[in-house]
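The structure presented is a predicted model; accordingly, all values stated were derived computationally and were not measured. Letters A, B, ... are given to chains in the order of the sequence lines, protein chains preceding strands, and every chain is numbered from 1.
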Amino acid sequence: MVRTRFAPSPTGYLHIGGVRTALFNWLFARKHGGQFILRIDDTDQQRNVQAALEPILHGFKWLGLDWDEGPEVGGDYGPYYQSQRSDRYQAAVDQLLASGHAYRDYAKPDEVQAEREAADKEKRSFVYSRTWMAESDAQAAEFESQGRQAVVRLKMPREGCLELHDLVRGNVRFEWANEQDHVIQRADGSFIYHLATVVDDHDFQISHVIRAEEHLSNTPRQVFIAQSLGYSLPEFAHVPFVAEPGSKTKLSKRKLDKYLKNRDFAKLNDLGTHIANQIGMTISAETFNPVIVDFYEQIGFLPDAIVNYLLLLGWSLDDKTEYFSRSAMIDSFSLERINKAPASFDPQKLLAFQQHYMQEVPVKQKAKLVLSFLQQAGLVSSPPSCDVGPKLTAIVQAAGDRLTVAGDILDLASEFFVADQDFAYDEKAFQKRLVDDNPAVALLREFREELAAAESFDASDLERMLKAFVEQKGIKIGQIIHALRVAITGKSVGFGMFETLSILGKPSVLARIDRTLSKVA
RNA sequence: GCCCCCUUCGUCUAGUGGCCCAGGACGUCGGAUUCUCAGUCCGAAAACAGGGGUUCGACUCCCCUAGGGGGUACCA
């Protein structure tokens, strides 16, 4: 039975690199009909674990990565919160102590530190002298009488080596002599991650530990713990981390300033803040940026786009397949095809996937996506009045592929939702197309009358009308259409002209032209 | 310092000794379409880190160097 896990710590946000690792775990479990488990790494967290966990669970749900055991769903192997598993960890430590695989160490931190520095000075690798190792209760009592406190350390082998087969890396070899007597329980009784994770993985019967590459070097000590406890070993697969844009350094949420210097990253970030501002979100770079999954939900990305992009960040099926449905990715996923080198996060490619998936969304559904942005921006009331539905459909239809992210609707179509007297003019466009000696102004005046007399405001009828008008005048369509666009939308760019006229409708179009004409005069 | 891992176009990648004077995708540049902007279509430039081996033959195997990254905590 395949059982995989992802262990988020409740930090209040879901990191994009973490999701990628989680995705691989999820995919592998689903592919083999196994379970995907969420375990909460809250050992060093204070209160508010639930509050800090909520956005993370929300992110998983939004992306469609469901878990079989863990918070909210429970399971037979719980508890799934590390903070509730201390008795298990204590039992493991006791067992290790009893079997001689660990010992109480009464060294003071600075004493160990001194040894470390001495080794450093002599250019040899540090190995703890075990000077304050208590081998008997009597010795322990003596150290304690000196006012010393104990930590529990692993009594690591000092010769031989460990050979491991990693499902991504292949065979890896470690010399035991290079390993320290790592601490597994602190002086205050709390437990170190490595101990906890080994115990949990065993208790949860995890079959495959799929985690970030940074844990590769930590694996020997974990193997030592597991073997000393008599556990059978899970398979390991160390996947490369997601790197910074244009770099090989691990992507982190703390180096935002640096990433913002990357053009593409900055562009994505700007898109986000632009939309956030329009919908009145109060944001800070701490909680709202492209490293955090929530960012994408807030500005109207599609989960499928993100998941597909992340899938290909370090994994590929072959030399041509780019788009994967959920079931296709589950079918074709394998650990063996995960790349060994870190892959850097490319905002442009993410956007390209988003564009592709957005193009596939049916108009009805796009209208729904877009509606919430218009409501948040205060352009449409909630609940919307009943004429909004058809109008929205027409707008989304007219927007076509211009809509990449749902939040784009605000730039694309806000003029359709403001009063005729209130839409704003792009002054540059106005100057270019509508200063009073521009011949387009007279044409506009004339065409206004034709529009007023029009019986139909269907896009196709309007197109026929303008073409006839243009032909009759002996001019090119460009000589009036740009002026018309500015006159009714205030902007120099937009949807197809005839769709725009049609969506606005006759009364609005006439009112807007009149308003513009009076501004020209 | 020591240990471990990694290294194909700007980026994501295909490539498991001859199919590769290296294929695809994003991006870039050029062109076409057009009422603008998108989109779409066509085309171009663009990479095997370097050096030694092994082999009839190396992007593919081995060694070295360089570069990058991770670990080395009473962090996870």
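The side chain of A/Arg485 contributes no N or O atom lying less than 4.0 Å from OP1 or OP2 of B/C37. For the OP1/OP2 pair of B/C12 and a distance below 4.0 Å, the side-chain nitrogens and oxygens of A/Arg20 include no atom meeting the criterion. Contact annotation: A/Ser190 does not reach the phosphate of B/C74 (side-chain N/O to OP1 or OP2, under 4.0 Å). Close to B/G70, at under 4.0 Å from its OP1 or OP2, lies no side-chain N or O of A/Ser217. Between A/Arg221 and B/G71 there is no side-chain N or O to OP1 or OP2 distance below 4.0 Å. In this structure, A/Asn339 does not reach the B/U8 phosphate: none of its side-chain N or O atoms is under 4.0 Å from OP1 or OP2.
Salt bridge A/Arg464/A/Asp461: present, at least one basic N to carboxylate O contact under 4.0 Å.
Contacts of A/Ser414 classified as side chain to side chain contact (heavy atoms under 4.5 Å, CB included), with partners at least two apart in sequence or in another chain: A/Leu379. For A/His15, there are no ring-ring contact (aromatic ring centres under 6.0 Å, His included) partners two or more places apart in sequence or in a different chain. Applying the side chain to side chain contact (heavy atoms under 4.5 Å, CB included) rule to A/Asp346 yields the partners A/Tyr309, A/Gln348, A/Lys349; only residues at least two apart in sequence or on another chain are considered. Legend: residues meeting salt bridge (charged side-chain N to carboxylate O under 4.0 Å, His left out) with A/Arg263, ordered by chain and number and at least two apart, are absent. The ring-ring contact (aromatic ring centres under 6.0 Å, His included) test applied to A/Phe469 returns A/Phe447, not counting sequence neighbours. The side chain to side chain donor-acceptor pair (under 3.5 Å) test applied to A/Glu463 returns A/Lys467, not counting sequence neighbours. Under the salt bridge (charged side-chain N to carboxylate O under 4.0 Å, His left out) criterion, A/Arg85 pairs with A/Asp200, A/Asp203, not counting sequence neighbours. For A/Glu286, the side chain to side chain contact (heavy atoms under 4.5 Å, CB included) partners at least two apart in sequence or on another chain are A/Ser284. Shown here are the ring-ring contact (aromatic ring centres under 6.0 Å, His included) partners of A/His482, two or more places apart in sequence or in another chain: there are none.
Across all strands shown, A/His182 has no heavy atoms under 4.0 Å from either base or sugar-phosphate atoms. Residue contacts for A/Gly314: at a heavy-atom cut-off of 4.0 Å it reaches the sugar-phosphate backbone alone, with no base atom in range. Base contact: A/Asn218 has a heavy atom under 4.0 Å from a base atom. Note on A/Val151: a base of the nucleic acid sits closer than 4.0 angstrom, heavy atoms only. Heavy atoms of A/Gly478 sit nowhere under 4.0 angstrom from any nucleic acid atom. Among the heavy atoms of the strands lying under 4.0 Å from A/Asp401 are primed sugar atoms or P, OP1, OP2 only; no base atom is included.
When both distances must be under 3.5 Å, the Watson-Crick or G-U wobble mate of B/C29 is B/G43.
In the model, A/Gln222 has no side-chain atom that pairs as donor or acceptor with a side-chain atom of A/Thr197 under 3.5 Å.
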Per-nucleotide protein contact string for nucleotides 25-34 of chain B, where B marks a base within reach and S marks sugar-phosphate only (heavy atoms under 4.0 Å, - for neither): BSS-------

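Within residues 239-252 of chain A, the residues having any heavy atom closer than 4.0 Å to RNA chain B are, in order of number, A/Phe241, A/Lys248, A/Thr249.
With rounding to whole Å, A/Glu175 atom CD is found 16 Å from B/U72 atom C1'. B/C74 atom P lies 13 Å from atom CG of A/Asp188, rounded to whole Å. Rounded to a whole Å, the CZ atom of A/Phe236 is 16 Å from the P atom of B/C5. B/A76 atom C1' lies 9 Å from atom NZ of A/Lys253, rounded to whole Å.
Looking only at distances, no side-chain donor or acceptor of A/Ser502 sits under 3.5 Å from a matching main-chain atom of A/Phe498.
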Identify the pairs formed between an N or O of the protein and an N or O of nucleotides 42-44 of chain B at a distance under 3.5 Å, and give each distance.
none

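Looking at the side chain of A/His482, the nearest of the listed nucleotides B/C74, B/C4, B/C35 is B/C35. Here B/C75 is the nucleotide among B/U7, B/C75, B/C35 with the atom lying nearest to any side-chain atom of A/Ile192. Closest contact between the side chain of A/Arg186 and the listed nucleotides B/C4, B/U72, B/C75 involves B/C75.
Remark: A/Arg5 fails to qualify as a cation-pi partner of A/Phe204 under the 6.0 Å distance and 45° angle criteria applied to the six-membered ring.
For a distance-only test at 3.5 Å, the side chain of A/Arg169 fails to qualify as a donor-acceptor partner of the base of B/C5.
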